[in-house]
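Computed from a predicted structure; not experimentally measured. Counting begins at 1 with the first residue of the sequence.
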Amino acid sequence: PGRVGRRAGLARYRAVMAERARDGGWSTREPEQAREALLAVRLLVLDVDGVLTDGSVNYLGAEELQSFHVRDGQGLVWLQRVGIELAWISGRGALATELRAKELGIRHLYLRCSDKEACLSELQTNLRLTPAVTIAMGDDLVDLGLAARAALLPPSIWSRGVDNAL
């Protein structure tokens, strides 16, 4: 469940990016418009594996190991200090992710999420926030649901995920 087939994923990627371009998404914004949109952001949503980690899956016995970079963590703390809500939405679930999220004060943690768009929609409803004030970052086809519920997303990140998946 939640796995996207290669052809279906590519078709969804193309549809999301075409919609973003029509709606004035990142790739079509002038720098001043992008700056204004960034100033309006109230929610940053991140995939975990491949975005906050290097994407490797390593085990020590039955325990999954992950590496997080300390500078990413510091940046996330600073964002929270200026009032940006942070959420991590992952299709996987590791104890290391839970520990790092707790350490950084991440209040919105969704693990083993098979429908990331639905998870993000629920979160936005609970926080009374819209896609217009949401930034999302993911690295693979399964993260396109995040793109559908966010105003800003750098196309290079999404295209890298598509290239890796094909």
Asks: Who else is in Trp78's hydrophobic cluster (ILVMFWY, side-chain heavy atoms under 4.5 Å, direct or via others)?
Replies: none
Asks: Only one of Asp47, Leu146, Leu46 passes side-chain contact (heavy atoms from CB on, under 4.5 Å) with Ile89; say which it is.
Replies: Leu146
Asks: Could you name each residue pair satisfying disulfide bond (SG atoms under 2.5 Å apart) that touches residues 36-137, not counting sequence neighbours?
Replies: Cys113-Cys119
Asks: Quick one: does any side-chain atom of Thr125 pair with a main-chain N or O of Ser121 as donor and acceptor, under 3.5 Å?
Replies: yes
Asks: Holding to salt bridge (Lys or Arg N to Asp or Glu O under 4.0 Å), I want the full list of residues that pass it with Glu103, two or more places apart in sequence or in another chain.
Replies: Arg100
Asks: Listed by chain and number, what are the side chain to side chain contact (heavy atoms under 4.5 Å, CB included) partners of Thr130, not counting sequence neighbours?
Replies: Ala132, Val133
Asks: Tell me, with the steps shown, if Leu111 and Ser90 meet side chain to side chain contact (heavy atoms under 4.5 Å, CB included).
Replies: CA-CA 5 Å; Leu111 299 178; Ser90 178; 4.0 Å; yes
Asks: The criterion is side chain to side chain donor-acceptor pair (under 3.5 Å); which residues satisfy it with Asp54, sequence neighbours excluded?
Replies: Ser56
Asks: Check salt bridge (Lys or Arg N to Asp or Glu O under 4.0 Å) between Glu122 and all other residues, then give those that pass, not counting sequence neighbours.
Replies: none
Asks: Which residues pass the side chain to side chain donor-acceptor pair (under 3.5 Å) test with Thr97, not counting sequence neighbours?
Replies: Gln66
Asks: Can you name the side chain to side chain donor-acceptor pair (under 3.5 Å) partners of Glu64, sequence neighbours left out?
Replies: Arg92
Asks: So, taking the atom named NZ in Lys116 and the one named CZ in Arg149, what distance separates them when rounded to the nearest 0.5 Å?
Replies: 15.5 Å
Asks: Provide the full list of disulfide bond (SG atoms under 2.5 Å apart) pairs with a residue in residues 40-90, sequence neighbours left out, each pair given once.
Replies: none
Asks: Once side chain to side chain contact (heavy atoms under 4.5 Å, CB included) is applied, do any residues pair with Ala87, and if so which ones, sequence neighbours excluded?
Replies: Leu43, Val45, His108, Leu123
Asks: I need the Glu98 CD to Leu109 CG distance, nearest 0.5 Å.
Replies: 6.5 Å
Asks: Please lay out, stage by stage, how Tyr59 and Leu65 fare under the test side chain to side chain contact (heavy atoms under 4.5 Å, CB included).
Replies: CA-CA 6 Å; Tyr59 293 94; Leu65 306 176; over 6 Å; no
Asks: Going by salt bridge (Lys or Arg N to Asp or Glu O under 4.0 Å), name the residues that satisfy it together with Arg42, two or more places apart in sequence or in a different chain.
Replies: none
Asks: Which distance, rounded to the nearest 0.5 Å, do you find between the CD of Gln124 and the CD of Glu85?
Replies: 12.0 Å
Asks: To the nearest 0.5 angstrom, please state how far the CZ atom of Arg107 sits from the CG atom of Leu127.
Replies: 7.5 Å
Asks: Does anything in residues 67-83 pair up under salt bridge (charged side-chain N to carboxylate O under 4.0 Å, His left out), and if so which pairs, sequence neighbours excluded?
Replies: none
Asks: Walk me through it: do Trp88 and Leu104 pass the test side chain to side chain contact (heavy atoms under 4.5 Å, CB included)?
Replies: CA-CA 11 Å; Trp88 292 1; Leu104 296 175; 4.0 Å; yes
